[in-house]
Visitor: 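Pasting a structure here, questions to come.
Naming convention: chains lettered A, B, ... in sequence-line order (proteins, then strands); numbering from 1 in each chain. Values reported hereafter were calculated over all heavy atoms of this structure, with side chains retained and with hydrogens, waters and symmetry mates removed.
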Number of protein chains: 2
Amino acid sequence: MSKRSKRRGDGYDGEKWAPATGLPRSADACRLLPRYRTGDRKLVAGRDLFSIGETNTSVFNLLSGWVAIYTLLEDGRRQIVHFALPGAVMGMPTSKDAQASHGAEALTDVIVSVIPDTVLAASSRDDPGMAMRLAGTLARDTSMAYDHMTSIGRRTARERVAHLLLELFTRYRAQWPGERIEEMTIPLTQEQIGDATGLTYVHVNRVLGALRKEGIVHFHYRRLRILDPDRLIEVAGVDPQTAMSWFQR
Amino acid sequence: MSKRSKRRGDGYDGEKWAPATGLPRSADACRLLPRYRTGDRKLVAGRDLFSIGETNTSVFNLLSGWVAIYTLLEDGRRQIVHFALPGAVMGMPTSKDAQASHGAEALTDVIVSVIPDTVLAASSRDDPGMAMRLAGTLARDTSMAYDHMTSIGRRTARERVAHLLLELFTRYRAQWPGERIEEMTIPLTQEQIGDATGLTYVHVNRVLGALRKEGIVHFHYRRLRILDPDRLIEVAGVDPQTAMSWFQR
DNA sequence: CGTTGGATTGAGTCAACTCAAGGATCGTGG
DNA sequence: CCACGATCCTTGAGTTGACTCAATCCAACG
């Protein structure tokens, strides 16, 4: 586990492959609260930011890196329910001293700002806009969860994988506004893609193989290259209209 | 569609089967905003409260009845992502004039309070606590979505169905605090259970048949009877500890 | 009592899974 | 700079859970 951190970097090394002349969205642009009200914390890839069963008294605001939100079943089956990118808010309590029903694992080295519940509550009093911004973020999370759920429940393996890659690609791209990147590093193994799509890694591998042979996408050792965006959109079963709006965002 | 409304009632007719001497949580207890700031609206079962693609300028706060939140794929595949019960907030915009990516169908006759975005924004300024309460509700929605997703992605058909029935049962029961109900009306067809679990209705039927034969639950024509709660919890693959806490809530 | 949504059951198929054995790639330490 | 160990990826063969297609059957309502 500890070794992985060295290998993976901070998730920004996609720049090596498709140099983005623009700058990624700055950490401060991702902040829910002003810097002086929060403490920042670094975390190495592979570590849990928080784990299932913990009772957190803080909310986490991701400033840089990738985090996987996951749940576990008793026998070890695992589902990744969300990939958090910079700007995300994680660990919102669902009730007073509730145990977290999901965990959060750093996929890359990560920086989060730690916001104690008390600070959050206080801030919402001084700054009414903040709570509504937070609500907006949470509404988007719910909406993304609904999309992801639809994928898992109703799409074929092929569609699911294509949809996930497309989603990650567009969300990643949104971090470098105005850039045209068709190659990026996704800090995921095929097993993690399986955990996110509800498939086994063996089957993910077969699907990826097929998509590669067809010249649609190439994914290999965490490197993603989109070979044919239009066909990817088609396979993912996304309305082209909608997809284009993602690219413009 | 129009006929369904007459047959189904308002979702409270479970009382006929397992008379609850207590009263259901009153509509006003479900309100996000005080009555005078909102307009209430009635809706007949089978109708959409809002549909996919619409650009809503209001948020809906469910006061009574059941609503299914669903998404559709182009070819008609449907996924029910959430069952909203009284107290739920629906239709939160994910960005400025975004089109709704999911729809909301009344499963029973329904009463909602309609809160224009402008009122919501204004209220958050006067009443800072409201926005945080809203954030809490949304955080719970996200968390439920994550659980549901885990079910669909990683559980077997049998586990999924058991889990859903258990969830609906406990959430329903929570509306009559202190009551002991083991029989209730769930305003769902087997097809809708399939849409929620990512299964076909044929397979849902077989699973329900098995659970009935084994004396665990009996579900037939919208009537749910829990025959063996402990075994249901076991089949659902829920930690008994956690399950018990649901019952106490 | 007829009509119409549901629910049920059987037979056959297939997408995704399991089990199992290599092969490739990466980071490390000699 | 090379060799090693640890992940990670790839591929084959056989199995199975859930699906499709296609009839009925039943319950509720008018």
Side-chain angles (χ1 to χ4, degrees), chain A residues 1-9 13 16 44-46 75-78 107-109 151-162 185-213 217-224 235, chain B residues 1-9 13 16-17 45-46 75-78 107 151-162 185-213 217-224 235:
Chain A
M1 275 289 179
S2 53
K3 281 184 195 164
R4 282 152 77 191
S5 58
K6 300 253 178 88
R7 191 161 69 249
R8 293 212 212 143
D13 50 15
K16 282 185 295 194
V44 130
D75 60 1
R77 281 175 287 178
R78 171 175 153 123
L107 294 170
T108 63
D109 292 351
S151 224
I152 294 171
R154 289 305 189 199
R155 286 195 228 261
T156 64
R158 185 180 163 83
E159 294 168 328
R160 283 185 229 180
V161 171
T185 297
I186 298 191
L188 298 179
T189 64
Q190 295 185 2
E191 181 167 22
Q192 288 164 325
I193 293 179
D195 284 345
T197 51
L199 301 166
T200 59
Y201 68 90
V202 175
H203 201 237
V204 168
N205 181 274
R206 291 193 226 274
V207 170
L208 285 173
L211 292 176
R212 173 163 20 102
K213 232 167 283 165
V217 293
H218 187 98
F219 182 83
H220 194 71
Y221 281 91
R222 303 193 171 84
R223 191 130 303 125
L224 173 67
V235 173
Chain B
M1 274 288 181
S2 54
K3 280 187 191 160
R4 282 151 79 190
S5 59
K6 300 256 179 86
R7 192 159 68 250
R8 294 214 209 142
D13 49 14
K16 283 185 293 193
W17 297 88
D75 62 0
R77 282 175 286 178
R78 172 176 152 122
L107 294 170
S151 222
I152 295 170
R154 289 305 189 198
R155 286 195 229 261
T156 65
R158 185 180 162 83
E159 293 168 328
R160 283 184 228 178
V161 170
T185 295
I186 297 191
L188 299 179
T189 64
Q190 297 186 359
E191 180 165 24
Q192 288 164 325
I193 294 179
D195 284 345
T197 50
L199 302 166
T200 58
Y201 68 90
V202 175
H203 201 238
V204 167
N205 181 274
R206 291 192 227 275
V207 169
L208 285 173
L211 292 176
R212 175 166 16 105
K213 233 166 281 166
V217 294
H218 187 100
F219 181 83
H220 194 72
Y221 281 92
R222 305 192 168 84
R223 192 129 301 126
L224 172 66
V235 173

Visitor: Per the side chain to side chain contact (heavy atoms under 4.5 Å, CB included) rule, which among B:T200, B:N205, B:L199 passes with B:V202?
Guide: B:T200
Visitor: Have a look at B:L199 and say if it touches a base, only the backbone sugar-phosphate, or nothing, with a 4.0 Å heavy-atom cut-off.
Guide: sugar-phosphate
Visitor: Would you say the base of D:dG17 and the side-chain of B:R158 have a donor-acceptor pair closer than 3.5 Å?
Guide: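 No, no donor-acceptor pair under 3.5 Å.
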Visitor: From the set D:dA18, C:dT9, D:dT11, return the single nucleotide nearest to any side-chain atom of A:V202.
Guide: D:dT11
Visitor: Just call it for A:G198: base, sugar-phosphate, or nothing, with non-hydrogen atoms closer than 4.0 Å on any strand.
Guide: sugar-phosphate
Visitor: Between A:T200 and C:dC17, does any side-chain N or O lie under 4.0 Å from OP1 or OP2?
Guide: yes
Visitor: Using every non-hydrogen atom in the two residues, find where A:V204 and A:Q190 come nearest and quote the distance to one decimal.
Guide: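 For A:V204 versus A:Q190, the nearest heavy atoms are CG1-O, 3.9 Å.
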Visitor: What's the shortest heavy-atom distance between B:P187 and B:Q192, and which atoms?
Guide: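 So the two residues come closest at O-OE1, 3.8 Å.
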Visitor: For B:V204 and A:Y201, find the nucleotide of DNA chain D closest to each by heavy atoms; which residue's nucleotide sits nearer the 5' end?
Guide: A:Y201
Visitor: Distance check needed: D:dA22 P versus B:R206 CZ, whole Å only.
Guide: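 Checked: the CZ to P distance equals 15 Å.
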Visitor: Would you say the base of C:dA24 and the side-chain of A:Y221 have a donor-acceptor pair closer than 3.5 Å?
Guide: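 In this structure, the two groups form a donor-acceptor pair.
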Visitor: Within a strict 4.5 Å, meaning less than it, do heavy atoms of the A:T185 and A:R223 side chains meet?
Guide: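 Counting from C-beta outward, A:T185 and A:R223 do come under 4.5 Å.
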Visitor: Below 3.5 Å, does any donor atom in the side chain of B:R222 face an acceptor in the base of C:dG6, or the other way round?
Guide: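 Flag unset: no donor-acceptor pair detected.
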Visitor: Between the side chain of B:R154 and the main-chain N/O of A:R77, is any donor-acceptor distance below 3.5 Å?
Guide: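 Judged by distance alone, no pair lies under 3.5 Å.
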Visitor: If the helix axis at each end comes from five base pairs, how far does the helix from C:dC1-D:dG30 to C:dG30-D:dC1 deviate from straight, to 10°?
Guide: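 The two end axes of the helix from C:dC1-D:dG30 to C:dG30-D:dC1 meet at 40°.
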Visitor: Is B:R212 touching bases, backbone alone, or none of the nucleic acid, heavy atoms closer than 4.0 Å?
Guide: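 Since only primed, P, OP1 and OP2 atoms lie under 4.0 Å of B:R212, the category is sugar-phosphate.
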